[in-house]
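Reminder, nothing fancy here: chain letters follow the sequence lines and each chain counts from 1.
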Protein chains: 2
Amino acid sequence: MASSRAESPRASVWLSRKAVPKRKGDGDGGLDLERIVAATVRLLDAEGLAKFSMRRLAAELGVTAMSVYWYVDTKDDLLEIVLDGINGSMVVPDVSREDEDWRDQLRLLALEYRKMLSSHTWVTQLLGRYLNIGPRSMAYTNACLAVIRRSGVEEARITGALSAVFQFVYGFCTAEGLFKERCNAAGLSEDEYFKQLMAEVAEREDYEESFKDAAELAESQSREEQREGDFAYALETVIAGIEAMRDR
Amino acid sequence: MASSRAESPRASVWLSRKAVPKRKGDGDGGLDLERIVAATVRLLDAEGLAKFSMRRLAAELGVTAMSVYWYVDTKDDLLEIVLDGINGSMVVPDVSREDEDWRDQLRLLALEYRKMLSSHTWVTQLLGRYLNIGPRSMAYTNACLAVIRRSGVEEARITGALSAVFQFVYGFCTAEGLFKERCNAAGLSEDEYFKQLMAEVAEREDYEESFKDAAELAESQSREEQREGDFAYALETVIAGIEAMRDR
DNA sequence: ACCTGAACACCGTTCAAGT
DNA sequence: ACCTGAACACCGTTCAAGT
C-alpha cells in the first residue's frame, strides 16, 4: 500500500508519472530530483530504511521538511524512484552475442543482482513493498529474458525458470542482509553473533539432533565462507535444474 | 534493527526471552500474550502491516494503549513472537518414515511454506525484518533438514540445497503478495491491473521486443494460471537441480 | 500484578503564505 | 517556480500514578 493515509493510493508511481522530472538540474545549488535521489541513497546506505524519514532527508539537503514535496508526491513515490535508480546501477552483459554461453551470462546477471542487493541492504526491503517495474529495472529484466531464451527452455517455461533463479537470489540476499544488520545492531561480529544464536537454540527443550549436525558443520567455518559456499552451490543447483527440465 | 530509538536494541527476542509468557492465561476476560498474538494476527490479516500499530491493537483488545506493554517489551518483540507463532501453523510431514520419497516430502514442505506465506501476506515482510529462529519455526527447519538429508546430497551441501528451495519460495511469495496487495489498493482485478501495467510499459521509448513476447504469452492466460504454472515449474526445476548436483 | 493518563519525541502530509 | 512555517493526525515508548 502506498500511503496508509490516502483514500485510494496510486498503485505505482510509474502508472501516472511523467517521463521527465519536474525540474531539470541546472547546476546551481538548488534542489533537484537527481540530488534528492542521491541523498536518499546515501542516507539509506548509512542509516538504513527504518531511520529514513522525509524530515531527515530534508535536513541532509539543508532544506526545510516540505521542500522535497515539490519534486515528489509522497515518500512512497520517492522510494519507488530510488529503487528503480539503484536497479539501473547493475551492469548488464551484451546479450546479443550469440557465441557466449547462456549459463555464464545467467551467472553474471545473478551475481550482479546479488552484488547490488548485498551492498544496499535496504533494497530487499523496498522490493517487498514496491513493484519493480521502473524503466531502468526493465533493462535488466530484458537482459534476463534474452539470456534464458538462449538456454533452449520453451517459451512458456521461461518466466518459471527465471523466477527459480532470481527469486532465490532475492530471498538469499534478504536473509544475508538481515543477519548482517542484526550483527551490527548487537555490536558483534557475524561469527560471534552466530555462536550466541546457536548456544541459545541448543538450550531449548525441543532441540534436535538433525539441527545439531548442521550447526556443528556451520561453526567449523566462517559465516562468510558458509554464505559464499551456499550461494554458489544453490546457484549451480538452479542452473543444473534448468538444464535438466529442458532435457526432460 | 529492533527499535529505531533504543541505544543498543536486543538483536532478537529469543536471545533473552524467558520460555514462559509473563502471565499464564487464566480464562477470564483479562489480557494475555496468547490473546494479544491472536488479535495481532487478526489485524495484520485484515488491514496489513502498514496500518498495524500498538494503539490500533490496544483498541481492538478494548484496552488502553499501554496495557500491551506489560506483556511485551516492544512492538518489534511482539511481531517477532507473532512471526514464530504463524510459522507454527505449518503442518510438517512425518520425516521419520524412511519409505517416503524425499522429493514428495520436500514438495509438501515447500507447498506448506507457500500456503502460509500467501495466506498471510505480511509474513514475508516480517521475514525481511526479524530473524526467524523462534522455537516453532525451528520445528519446520528441522523437518526440512531431515528430508533433504535423505536426498543423498552430501552434508556440507545441505544448507545450500535447502536455500535454493526455500529462498525461492520466499521470494516468489513476496512478489505474489505484493502484486495482490497492489491490485487491492488500486481496486482492480489481477488481470485488469496487469493489463494496465503492461500497457504502460509498452509505451516506453526503450520498450523491447524480448519483453513483448513474454508479455503476450502472459496475457494469453490469467494471472492465477501463470503464477501456478511458474511456481510449479520453478519448484520442479530446483528439485531436478538438487538431483543433478548430487549425481555430478 | 496489572492497567491507565499524560507526556515526549518523533512521523507523513496539507495548506496557506511567502519570495 | 520554488520554498517555508504552522498545523493536523498520527506514531512508539517512558514514567509516575492508580487499583
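B:S53 comes within contact range of the sugar-phosphate backbone alone, with a heavy-atom separation under 4.0 Å but no base atom that close.
In this structure, the CZ atom of B:R55 is 6 Å from the C1' atom of D:dC11, given to the nearest Å. Per the geometry, CG belonging to B:L43 stands 12 Å off P belonging to D:dC11, to the nearest Å. If you take CG of A:L57 and P of C:dT13, they are 12 Å apart, rounded to a whole angstrom. C:dG12 atom P lies 10 Å from atom CG of A:L79, rounded to whole Å. If you take CG of A:L61 and P of D:dT4, they are 11 Å apart, rounded to a whole angstrom. D:dT14 atom P lies 14 Å from atom NZ of B:K75, rounded to whole Å. In this structure, B:L78 atom CG and D:dT13 atom C1' are separated by 14 Å, rounded to whole Å. Rounded to an integer number of Å, the gap from CE of B:M66 to P of D:dT14 is 8 Å.
Checking the phosphate oxygens (OP1, OP2) of C:dT4, no side-chain nitrogen or oxygen of B:Y69 falls inside 4.0 Å. For A:T64 and D:dG5, the shortest distance from a side-chain N or O to OP1 or OP2 is below 4.0 Å.
For A:A234, the side-chain contact (heavy atoms from CB on, under 4.5 Å) partners two or more places apart in sequence, or in a different chain, are A:F168, B:S163, B:A164. Annotation: salt bridge (charged side-chain N to carboxylate O under 4.0 Å, His left out) contacts of B:K195 (sequence neighbours excluded): none. Checked against salt bridge (charged side-chain N to carboxylate O under 4.0 Å, His left out), A:R55 has no partners two or more places apart in sequence or in another chain. With sequence neighbours excluded, the residues forming a side-chain contact (heavy atoms from CB on, under 4.5 Å) with A:K115 are A:E112, listed by chain and number.
Listed by first then second residue, pairs satisfying side-chain hydrogen bond (donor to acceptor under 3.5 Å, both in side chains) with a partner in residues 59-68 of chain A read A:R42-A:E60, not counting sequence neighbours.
Between B:Y193 and B:E190, the closest side-chain pair of non-hydrogen atoms is not below 4.5 Å.
Stem analysis of DNA chain C (Watson-Crick or G-U pairs, both distances under 3.5 Å, runs of at least three) returns C:4-8 with D:12-16, C:12-16 with D:4-8.
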